[in-house]
Trainee: 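This is the structure I want to talk about, given as structure tokens.
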Amino acid sequence: MSSDLFVELAAPNGRKYSQPRGLFINNEFVKSKSGETLSSINPSDEKEIASVYAAGPEDVDVAVAAARKAFKDPSWRDMDTNARADLLYKFAELIEQHKETLATIETWDNGKPYSVSLNDDLGEVVGTIMYYAGYANKIHGQVIDTSPAKLAYTVREPLGVCGQIIPWNFPLAMAAWKLGPALCTGNTVVLKAAEQTPLSILYLGTLVKEAGFPPGVVNFINGEGRKAGAALAQHLDVDKIAFTGSTQTGKEIMKMAAVNMKNITLETGGKSPLVVFDDCDLDQAVKWAHVGIMYNQGQVCTATSRILVQEGVYDKFVAGFKDYVSQTSVVGDPFKDDTFQGPQVTKTQFERVLSYIESGKSEGAELVSGGESYKDVGGKGFFISPTIFTNVKDNMKIYREEVFGPFVVISSFKTEEEAVERANDTTYGLGAALFTQDITRGHRVARHIEAGMVWINSSNDSDIRIPFGGVKQSGIGRELGEAGLEAYTNRKAIHVNLGNKL
Ligand code: NAI
Ligand code: MG
């Protein structure tokens, strides 16, 4: 191992491992052509963990060429689908074996509590790869009867070289959501990790190689969004772009992808409502509302960040919620067992949340909890006290814009009609939660809400088997479930003339 392409690290929890630093192309780690690097910061103490090579457009070219070659190579193109399934199962098994190391890297680089990394993120990664491994040998076309003079059938083909751009809030899980369906359908991949969390994906690269994927099938690069990400989105030899991140960047990617009419899947932002009706189980509503916004430091695209409570239970809800947040949202070192909330991922995100706190105060909303940085974790790090604003008006910035932090706004409503109208009064449409004991109302409101996902009596219930995605400016297309396969296959129609003579 060249010492420059790997660095031996010891994480804060004592775990030692060898961290790759290169771009993972053709199953090998290589330096970027320019030699440029980016540095990965531990958000708990603001120190550098390591630096990794950052791709420029010239490196993207190399990765895309590798993926194109692999896509055409019989070793991958013509692989028996049982063998493809086995390969994905083997990959999942290796991730399971290395999950403590992967979870350690994730927590160190991202700041999420270790128990969350290990149980939720790594559980999701293994589960998703296993789920799509199961689909590898179940991708079918159809025979379509027309007349005896013709045989017509469809085959489901991979799209080709897929560019995948992932965010920093769930680095490995977002990689798995994109790798699983792309690979089980026979595509090849160039995946770019977010510059804020570049480390775990490189370790995953070592497992791609060990699992036995042919070189070039899976390529991982790091690099700046505006350089490496844009090069991928604009590349003429990339057939598809799948993106998770901000709505603004999603729109830019859509434009760039138009250059060769790439197939696109976008999963972007949200300001998802959580609607509490008078007749609900209030204790349950309080608990789900808490996890719905405070989980993962509030850095969740589907976070139910806008709580609407019916007048009759408004005061009780606010008091109960405030109490529950103060008891449960323990802020601290993410490697400590009792920590519920670690630091925000970067200084930029930390400052962004603080700026929304200022905005909420200046617009006249009532701050009932938090509203400041949290200094009790060694005086360093991007920690924020869980923040609750009440008396929030619909025209306030904090009511309308995605904050992406442990930050929630609460407002009251009178009628079901008003609740639906205000829940839908947003440019976003990702998730929505509602709490009621009236099943008729529950289903009725679920139908009227403009969102890709609705949770009745829960929040942020994501399931590998169930489609995930948004409407309006929350995205295009679906990930997960059987629906996730649609994003990675074409249906080719083959017409066979059995007797029509000219
Ligand atoms: P971003 O959307 O800019 O970054 C996400 C990914 O896109 C990263 O890999 C980045 O390198 C890449 N990227 C950035 N600009 C690009 C470009 N011009 N072309 C191609 N790729 C590009 O998000 P950012 O700046 O990290 O976070 C800003 C806000 O976005 C957050 O505060 C949050 O509101 C939202 N966000 C939403 C996420 C979600 O899960 N839906 C995840 C991350 C951020
Ligand atoms: Mg970091």
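What's counted below: heavy atoms across the whole structure, side chains too, no hydrogens, waters or symmetry copies. Here the structure is a predicted model, which means the values were calculated and not measured. Every number for a ligand or one of its atoms is a count from 1 in the order of the listing.
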Trainee: Is it the case that S18 and E8 place a side-chain donor and acceptor less than 3.5 Å from each other?
Mentor: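 Their side chains do contain a donor-acceptor pair, which is all the 3.5 Å distance test asks for.
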Trainee: Using a strict cut-off of less than 4.0 Å between a Lys/Arg side-chain nitrogen and an Asp/Glu carboxylate oxygen, indicate whether K361 and E358 qualify as a salt bridge.
Mentor: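 A salt bridge is present here (some side-chain N lies under 4.0 Å from a carboxylate O).
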Trainee: Is it true that E479 and K178 make a salt bridge, defined as a side-chain N closer than 4.0 Å to a carboxylate O?
Mentor: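 Looking at K178 together with E479, the answer is yes, because their closest N to O distance falls below 4.0 Å.
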Trainee: Nearest to atom 12 (C) of ligand 1, what protein heavy atom do you find, and at what distance?
Mentor: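 Result for atom 12 (C) of ligand 1: I165 CG2, 3.6 Å.
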Trainee: Just need the protein heavy atom nearest to atom 38 (C) of ligand 1, so name the residue and atom and give the distance.
Mentor: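 Looking at atom 38 (C) of ligand 1, the protein heavy atom closest to it is F404 CZ, 3.4 Å.
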Trainee: What atoms of ligand 1 come closer than 4.0 angstrom to any heavy atom of P167?
Mentor: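 Reading through ligand 1 atom by atom, the close ones are 42 (C), 43 (C).
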Trainee: Please work out whether any backbone atom (N, CA, C, O) or any side-chain heavy atom from C-beta onward of I166 is under 4.0 Å from ligand 1, and answer side chain, backbone, both or neither.
Mentor: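 Backbone only; the side chain of I166 stays clear of ligand 1.
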Trainee: Could you tell me whether I253 approaches ligand 1 through its side chain, its backbone, both or neither, with non-hydrogen atoms closer than 4.0 Å?
Mentor: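 The part of I253 near ligand 1 is the side chain, not the backbone.
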Trainee: Counting heavy atoms only, which part of Q299 comes closer than 4.0 Å to ligand 1: side chain, backbone, both or neither?
Mentor: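 None of Q299 does.
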Trainee: Short list, please: which atoms of ligand 1 are under 4.0 Å from a heavy atom of E252?
Mentor: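 Heavy-atom distances to E252 below 4.0 Å select 18 (N).
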Trainee: Using a 4.0 Å heavy-atom cut-off, say whether Q349 meets ligand 1 through its side chain, its backbone, both or neither.
Mentor: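 Side chain only; the backbone of Q349 stays clear of ligand 1.
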Trainee: Within the 4.0 Å heavy-atom shell around G229, which atoms of ligand 1 are there?
Mentor: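 Numbered from 1, ligand 1 contributes 19 (N), 20 (C), 21 (N).
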Trainee: Using a plain distance cutoff, I'd like to know if T268 has any nitrogen or oxygen under 3.5 Å from a nitrogen or oxygen of ligand 1.
Mentor: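 Checking ligand 1 against T268, an N or O pair does fall under 3.5 Å apart.
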Trainee: Counting only heavy atoms not in D337, do more than 12 fall under 6.0 Å of its CG?
Mentor: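 Atom CG in D337 is not crowded, with 12 or fewer foreign heavy atoms closer than 6.0 Å.
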Trainee: Please write down residue, atom name and distance for the protein heavy atom closest to atom 13 (N) of ligand 1.
Mentor: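 Going atom by atom, the protein heavy atom closest to atom 13 (N) of ligand 1 ends up being G225 CA, 3.4 Å.
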Trainee: Considering only the protein, which heavy-atom contact is closest to atom 39 (C) of ligand 1, and what is its distance?
Mentor: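 Closest protein heavy atom to atom 39 (C) of ligand 1: C301 CB, 3.4 Å.
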Trainee: Do F350 and F383 have ring centres separated by under 6.0 Å?
Mentor: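 Centroid separation for F350 and F383: 6.0 Å or greater.
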Trainee: Strictly below 4.0 Å, N to O, side chains only: are R465 and D463 in salt-bridge contact?
Mentor: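 So R465 pairs with D463 through a salt bridge.
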Trainee: Has ligand 1 got any nitrogen or oxygen that is less than 3.5 angstrom from a nitrogen or oxygen of V403?
Mentor: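 Checking ligand 1 against V403, no N or O pair falls under 3.5 Å apart.
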Trainee: Could you tell me, atom by atom, which parts of ligand 1 come under 4.0 Å of a heavy atom of K192?
Mentor: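 This gives 9 (O), 10 (C), 11 (O) as the contact atoms.
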Trainee: For atom 34 (O) of ligand 1, what is the nearest protein heavy atom, given as residue, atom name and distance?
Mentor: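 The closest heavy atom on the protein side is E402 OE1, 2.8 Å.
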Trainee: Closer than 4.0 angstrom, basic N to acidic O: yes or no for R68 and D239?
Mentor: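 Salt bridge between R68 and D239, a charged N being under 4.0 Å from a carboxylate O: yes.
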Trainee: Would you say CE of M130 has more than 12 non-hydrogen atoms from neighbouring residues, nucleotides or ligands within 6.0 angstrom?
Mentor: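 Incorrect, the count does not exceed 12.
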Trainee: With a 4.0 Å cut-off, strictly under, does atom 4 (O) of ligand 1 pick up any protein heavy atom?
Mentor: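 So far as the 4.0 Å threshold goes, atom 4 (O) of ligand 1 is out of reach of every protein heavy atom.
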Trainee: Quick one: which of A257, S474, S246, G298 has a heavy atom closest to atom 30 (O) of ligand 1?
Mentor: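 Comparing heavy atoms across A257, S474, S246, G298, the nearest one to atom 30 (O) of ligand 1 lies in S246.
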Trainee: Quick one: look at F170 and ligand 1, take heavy-atom pairs under 4.0 Å, and tell me if it's side chain, backbone, both or neither.
Mentor: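 For F170, no heavy atom sits under 4.0 Å from ligand 1.
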Trainee: Only heavy atoms count here, so choose which of T346, V345, T249 is nearest to atom 1 (P) of ligand 1.
Mentor: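 Checking each option, the heavy atom nearest atom 1 (P) of ligand 1 is found in T249.
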Trainee: Counting neighbours of CD on E58 that are heavy atoms of other residues, nucleotides or ligands and sit closer than 6.0 Å, is the number greater than 12?
Mentor: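 Count over threshold, so yes.
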Trainee: Can the ring centroids of F468 and W177 be said to lie less than 6.0 angstrom from one another?
Mentor: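 Yes: the rings meet the under 6.0 Å criterion.
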Trainee: I'd like to know whether ligand 1 has Q196 as a neighbour, heavy-atom separation below 4.0 Å.
Mentor: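 Checking ligand 1 against Q196, which is what was asked, there is a heavy-atom contact under 4.0 Å.
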Trainee: With a 4.0 Å cut-off on heavy atoms, does F243 reach ligand 1?
Mentor: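 Judged by the 4.0 Å heavy-atom criterion, F243 does count as contacting ligand 1.
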Trainee: Could any protein non-hydrogen atom be found less than 4.0 Å from atom 25 (O) of ligand 1?
Mentor: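 So far as the 4.0 Å threshold goes, atom 25 (O) of ligand 1 is out of reach of every protein heavy atom.
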Trainee: Taking the six-membered ring of Y488 (Phe, Tyr or Trp), confirm whether the NZ or CZ of K240 is under 6.0 Å from its centre and within 45° of its axis.
Mentor: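 Geometry flag: set, cation within 6.0 Å and 45°.
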Trainee: Consider ligand 1: state whether an atom of it lies below 4.0 angstrom from any non-hydrogen atom of M256.
Mentor: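 Yes, that is the case, since the closest heavy atom of the residue is under 4.0 Å from the ligand.
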Trainee: For ligand 1, which atoms sit closer than 4.0 Å to a heavy atom of E195?
Mentor: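 The atoms of ligand 1 under 4.0 Å from a heavy atom of E195 are 8 (C), 10 (C), 11 (O).
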Trainee: Between E106 and K112, does any side-chain N to carboxylate O distance fall below 4.0 Å?
Mentor: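 K112 and E106: not salt-bridged.
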Trainee: Can a cation-pi geometry be assigned to R306 and Y399, taking NZ or CZ under 6.0 Å from the six-membered ring centre and within 45° of the ring axis?
Mentor: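 Cation-pi check for R306 and Y399: passes.
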Trainee: May I ask you to decide whether K227 forms a salt bridge with E36, counting only side-chain N to carboxylate O separations under 4.0 Å?
Mentor: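 A salt bridge links K227 with E36.
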Trainee: Which atoms of ligand 1 sit under 4.0 Å from any heavy atom of A230?
Mentor: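 Selected atoms, number and element: 19 (N), 20 (C).
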Trainee: Report yes if the side chains of P12 and W108 come closer than 4.5 Å at any heavy-atom pair, otherwise no.
Mentor: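 A side-chain contact under 4.5 Å exists here.
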Trainee: Within I41, is some N, O or S atom less than 2.8 Å away from the Mg ion (ligand 2)?
Mentor: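 Under 2.8 Å: I41 contacts the Mg ion (ligand 2) through an N, O or S atom.
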